[in-house]
Amino acid sequence: FGGPDDYDGGYSLADMASDGFSVLDDLGLASTHVAGASMGGMIAQIMALSQPSRVRSLNLIYTAPSIDPRYFVPQATQDAAELGKRFEREEAIEEFVKRERLSASTAYPYDEGWIRELGTRGYDRCYAPDGNLRQLSAMTRWAPTPESLGSLNRPSSIIHGRADGRIRAEAALDIARVLKNSELHIYPGLGHEIPEPLWDEFATIIMRTAARA
């Protein structure tokens, strides 16, 4: 994984996709329905492209088909540079709350209480800000093109928000242009999050996509 000052130890998104298949192997599952959000959506794409017979349906939530800079909001890129800084517990939690505001929606309330609880749980479970930089390193070495998704024909759904402060909605539009058998859902005031008012709707989209498979 690299050392204290080396955040790119070679662990890639393809390795993470392979880990996902290892979980399926351990569970004795030949295939599954895959859903991934943000970087998880990139991993989901790799899973579908590398072993398509094992991915019954593909559900991509506020993600991108590559690391092309035009898909990413500059403010989010600058924010990422601060991810590896270490703070004491209370300050680390407040930094998490502040950072997550970039993911907030404009049409749905920002649940600061829940975000603070999430940051607290994360800190108390395992505070390792260098892990953020290792994830970022893995993501920035990913080098596909949107066209690579054109080989897939799995039932798919694409969910994105026009108010996403991290990944622009154009990323979803480009995925939808090439991903066969897909349905696109763009929400005007949705940010880089899954707000509670949309939980049932997102679940319905994913269940419908799975049923089509």
Side-chain angles (χ1 to χ4, degrees), residues 1-9 11 13 16 35-44 59-142 158-172 185-203:
F1 296 102
D5 300 313
D6 171 19
Y7 298 115
D8 190 356
Y11 191 57
L13 295 188
M16 297 179 199
S38 196
M39 188 179 79
M42 299 172 186
I43 296 168
N59 303 274
L60 304 175
I61 305 168
Y62 50 73
T63 190
S66 74
I67 58 161
D68 189 317
R70 66 193 173 94
Y71 293 137
F72 296 87
V73 178
Q75 184 183 352
T77 305
Q78 295 160 8
D79 176 69
E82 300 294 312
L83 287 177
K85 290 182 65 175
R86 297 192 67 87
F87 299 96
E88 295 301 319
R89 184 177 184 274
E90 292 306 315
E91 191 177 4
I93 294 168
E94 291 306 315
E95 284 293 319
F96 178 82
V97 173
K98 182 176 72 174
R99 194 163 60 242
E100 285 302 298
R101 287 188 184 279
L102 194 60
S103 299
S105 301
T106 58
Y108 307 95
Y110 178 67
D111 191 345
E112 185 170 322
W114 160 239
I115 295 298
R116 180 167 280 102
E117 180 181 349
L118 185 64
T120 301
R121 289 184 183 187
Y123 185 96
D124 291 343
R125 182 189 61 208
C126 179
Y127 180 53
D130 57 308
N132 296 319
L133 294 176
R134 297 183 201 286
Q135 284 193 348
L136 187 62
S137 294
M139 190 174 72
T140 53
R141 283 191 289 104
W142 184 48
I158 305 155
I159 297 172
H160 213 112
R162 284 285 184 192
D164 194 313
R166 296 189 181 277
I167 301 177
R168 292 189 172 100
E170 284 74 13
H185 302 266
I186 299 289
Y187 292 81
L190 176 64
H192 199 76
E193 62 166 353
I194 305 176
E196 187 172 357
L198 292 177
W199 285 0
D200 287 348
E201 190 165 337
F202 284 11

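Glu112 has a carboxylate O that lies under 4.0 Å from a charged side-chain N of Arg116, or vice versa, which qualifies the two as a salt bridge.
The environment of CG in Asp124 is crowded: more than 12 heavy-atom neighbours from other residues, nucleotides or ligands sit within 6.0 Å.
Taking all atoms of both residues into account, the shortest heavy-atom contact from Gly84 to Leu133 is CA-CD1, 3.5 Å. Across all non-hydrogen atoms, the minimal contact from Pro69 to Arg168 is O-NH1, 4.1 Å. Of all non-hydrogen atoms in Asp68 and Phe72, the two that sit nearest each other are O-CD1, 3.3 Å. The shortest heavy-atom contact between Glu88 and Tyr123 is C-OH, 4.1 Å. Minimum heavy-atom separation, Gly189 to Tyr108: O-CD1, 3.9 Å.
In terms of modelled atom types and a separation under 3.5 Å, the side chain of Arg166 and the main chain of Leu102 share no donor-acceptor contact. A donor-acceptor pair is defined here as one N or O able to donate and one able to accept, closer than 3.5 Å; such a pair exists between the side chain of Trp199 and the backbone of Ile194. Of the possible polar contacts, one joining the Asp164 side chain to the Ile167 backbone as a donor-acceptor pair under 3.5 Å is found. Although no hydrogens or angles enter the test, the distance criterion places a donor-acceptor pair under 3.5 Å between the side chain of Glu193 and the main chain of Ser105.
Here CD of Glu170 is found 8.5 Å from CZ of Arg70. Values are rounded to the nearest 0.5 Å. In this structure, Ser38 OG and Leu60 CG are separated by 11.5 Å, a value rounded to the nearest 0.5 Å. To the nearest 0.5 Å, the span separating CG on Leu136 from CZ on Arg141 amounts to 11.0 Å. Separation of atoms CE (Met39) and OG1 (Thr63) is listed at 9.5 Å; rounding is to 0.5 Å. Atom CD of Glu94 is separated from atom OG1 of Thr120 by 8.5 Å, given to the nearest 0.5 angstrom.
Using a 4.5 Å heavy-atom threshold, the side chains of Pro129 and Phe87 count as separate. Using a 4.5 Å heavy-atom cutoff, the side chains of Glu95 and Lys85 are not in contact.
A perpendicular orientation is assigned to the rings of Tyr62 and His160, their planes being inclined by more than 60° (bins at 30° and 60°).
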Practice problem: Decide yes or no on ring pair (Phe, Tyr, Trp, His ring centres under 6.0 Å) for Tyr187 and Phe202, but give the supporting numbers first. | Solution: CA-CA 11 Å; Tyr187 292 81; Phe202 284 11; 5.5 Å; yes

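The six-membered or imidazole ring of Phe96 lies away from that of Tyr127, with a centre-to-centre distance of 6.0 Å or more.
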